[in-house]
2 protein chains.
Amino acid sequence: MEQTYTISDLAHEFDISTRTIRYYEERGLIHPGRTEGGQRIYSRKDRTHLRLILRGKRFGFSLEEIAEMINMFDQDRSGKKQLEVTIQYGRKKIKEVDEKIQDMVALREEMESLLQDFQSRLQQLKGEESR
Amino acid sequence: MEQTYTISDLAHEFDISTRTIRYYEERGLIHPGRTEGGQRIYSRKDRTHLRLILRGKRFGFSLEEIAEMINMFDQDRSGKKQLEVTIQYGRKKIKEVDEKIQDMVALREEMESLLQDFQSRLQQLKGEESR
DNA sequence: ATTCTAGTTTACGTTAACGTTAATGTCAAT
DNA sequence: ATTGACATTAACGTTAACGTAAACTAGAAT
């Protein structure tokens with residue numbers, strides 16, 4: 001009933017090496033179970049974590065930062081105080097992401113205006129050509 | 001008339017080390033001039049380049065990728081063919097940035113919904129408390 | 001039971017992006 | 001002219017994030 005995966009299942013799915021997956025475990029980012037014989041078994045949750053890790057990486061977060069986030073959101077937060085701390089942390093991280101998005105949009109616009117420039121130069125050339 | 005900067009001027013402004021700035025030059029990302037005595041002089045253009053480099057870094061681009069972009073946009077593109085190639089390249093890069101932005105917005109939403117979850121759990125606790 | 005594929009640990013290697021140190025030179029100010 | 005702050009090159013060191021190889025084990029298939 002509970003869907004599980006081998007290490008190479010996930011390696012194929014996410015197009016990364018098994019070494020990479022084991023390394024993430026070594027760094028405390030995932031915590032797969034084991035079979036009787038000692039082989040790793042990955043749950044749906046582990047798979048979700050992997051997806052999150054790779055997403056974070058694409059934004060330039062370090063594994064350490066990602067680990068911090070995952071563990072923050074993933075632990076058992078029953079106490080009121082704990083919950084409040086977690087929420088504060090989450091707000092902070094969301095703000096960071098917002099800033100990155102804004103920054104990125106600015107970059108996009110810079111690139112766009114550069115391109116416009118090149119475009120009009122090209123039009124210019126084409127105009128001269130058919131003169 | 002032409003505003004220039006020393007290496008430590010820029011290091012302070014961008015809060016990076018002089019070593020880092022020299023390293024960027026070593027990798028072909030900037031090309032400052034020199035004084036009679038051999039010291040580097042940075043122009044406004046160099047400063048702009050630096051800003052671009054740091055921006056790119058914050059998005060997880062490698063120095064090699066950034067170098068590629070800078071040199072692509074920075075050369076003298078007079079020929080029609082050259083212009084067309086540059087425009088193609090620019091479109092591709094903008095697309096990459098767009099994808100990163102989308103990806104990032106998705107992450108933001110994931111985080112937000114996690115937070116909502118914690119928020120309502122906290123409300124729950126507060127409710128029980130005043131019962 | 002054996003064979004094959006995939007898994008495990010250990011450990012050394014590699015690359016990017018700098019940090020650090022040493023030995024020396026430049027420039028602005030006194 | 002000398003001092004002090006900043007500059008230069010050269011070279012070795014460091015860290016994160018894996019790659020790679022070796023020597024061995026587990027599990028599925030015949």
Side-chain angles (χ1 to χ4, degrees), chain A residues 2-43 46-47 49-71 96 100 103, chain B residues 2-43 46-47 49-71 96 100 103:
Chain A
E2 274 293 304
Q3 168 77 304
T4 67
Y5 311 85
T6 79
I7 195 168
S8 51
D9 284 344
L10 296 183
H12 283 122
E13 178 172 356
F14 293 111
D15 198 31
I16 57 183
S17 73
T18 58
R19 171 67 171 99
T20 296
I21 297 179
R22 291 197 195 96
Y23 180 69
Y24 291 160
E25 181 181 352
E26 200 181 318
R27 297 296 308 274
L29 298 181
I30 32 182
H31 311 281
R34 299 280 180 145
T35 68
E36 178 73 16
Q39 297 191 190
R40 275 164 257 250
I41 341 176
Y42 296 86
S43 67
D46 294 318
R47 184 161 157 275
H49 272 173
L50 244 187
R51 193 200 313 289
L52 250 165
I53 295 167
L54 298 177
R55 205 195 286 277
K57 286 218 58 189
R58 267 175 281 138
F59 308 139
F61 287 113
S62 71
L63 291 185
E64 198 175 334
E65 289 176 291
I66 297 172
E68 210 187 326
M69 297 190 215
I70 285 184
N71 293 329
E96 281 177 35
K100 278 206 184 193
D103 221 8
Chain B
E2 274 294 304
Q3 168 78 305
T4 67
Y5 312 84
T6 78
I7 194 167
S8 51
D9 285 343
L10 296 184
H12 284 123
E13 178 173 356
F14 293 112
D15 197 33
I16 56 183
S17 73
T18 58
R19 171 68 170 98
T20 297
I21 298 179
R22 291 198 195 95
Y23 180 68
Y24 291 161
E25 180 181 351
E26 199 180 318
R27 297 296 307 274
L29 297 180
I30 31 183
H31 311 282
R34 299 281 179 143
T35 69
E36 179 74 14
Q39 296 190 190
R40 273 164 258 249
I41 342 175
Y42 296 86
S43 66
D46 294 320
R47 183 161 156 276
H49 271 173
L50 243 186
R51 191 201 315 289
L52 249 165
I53 294 167
L54 298 177
R55 203 195 286 278
K57 285 217 59 187
R58 266 176 282 138
F59 309 140
F61 287 112
S62 72
L63 291 185
E64 197 175 333
E65 288 176 294
I66 296 172
E68 208 187 330
M69 297 191 217
I70 286 184
N71 293 329
E96 281 178 35
K100 278 203 182 192
D103 222 8

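- One distance of note links NE2 of B:His31 with OH of B:Tyr42; it measures 11.5 Å at 0.5 Å rounding.
- Residue A:Thr18 is classed as having no contact, given no heavy-atom separation below 4.0 Å to the nucleic acid.
- Taking only side-chain atoms of B:Arg34, from C-beta outward, the nucleotide of C:dG19, D:dG27, D:dT8 with the closest atom is D:dT8.
- Between the C1' atom of D:dA28 and the CD atom of A:Gln39 lies a distance of 11 Å, rounded to the nearest Å.
- Atoms CD1 (B:Ile21) and P (D:dA7) sit 9 Å apart, rounded to a whole Å.
- Comparing A:Glu36 and A:Ser17 against DNA chain D, the residue whose closest nucleotide sits nearer the 5' end is A:Ser17.
- Looking at B:Asp9, its side chain does come within 3.5 Å of a backbone N or O of B:Thr6 through a donor-acceptor pair.
- Comparing C:dA16, C:dT8, D:dT9 by their nearest atom to the side chain of B:Arg22 picks out D:dT9.
- Going from atom CD of A:Glu64 over to atom P of D:dA17 covers 8 Å, rounded to whole Å.
- One N or O on the side chain of A:Ser43 and one on the backbone of A:Asp46 form a donor-acceptor pair closer than 3.5 Å.
- The neighbour count for A:Glu96 CD, taken as heavy atoms of other residues, nucleotides or ligands under 6.0 Å away, is above 12.
- Residue contacts shown for A:Arg27 are limited to sugar-phosphate atoms, with no base heavy atom under 4.0 Å away.
- The two atoms that bring B:Ile66 and B:Leu29 nearest to each other are C-CD2, 4.2 Å, heavy atoms only.
- You'll find that the side chain of B:Tyr23 is closest to C:dA16, out of D:dC18, C:dA16, C:dC27.
- Candidate nucleotides D:dA7, C:dG7, D:dC18 were compared by shortest atom distance to the side chain of A:Ser8, and C:dG7 ranks first.
- Remark: A:Thr20 is not in phosphate contact with D:dA17, judged by side-chain N or O atoms under 4.0 Å from OP1 or OP2.
- Considering only the side chain of A:Arg19, C:dA11 comes nearest among C:dA11, D:dA16, D:dA7.
- Distance, B:Glu26 CD to D:dA11 P: 12 Å, rounded to whole Å.
- Note on B:Arg40: every side-chain N or O is 4.0 Å or more away from OP1 and OP2 of D:dA7.
- The side chain of A:Lys57 has D:dC18 as its nearest neighbour among D:dC18, C:dT8, C:dC27.
- Rounded to an integer number of Å, the gap from CD of A:Glu25 to C1' of C:dT10 is 15 Å.
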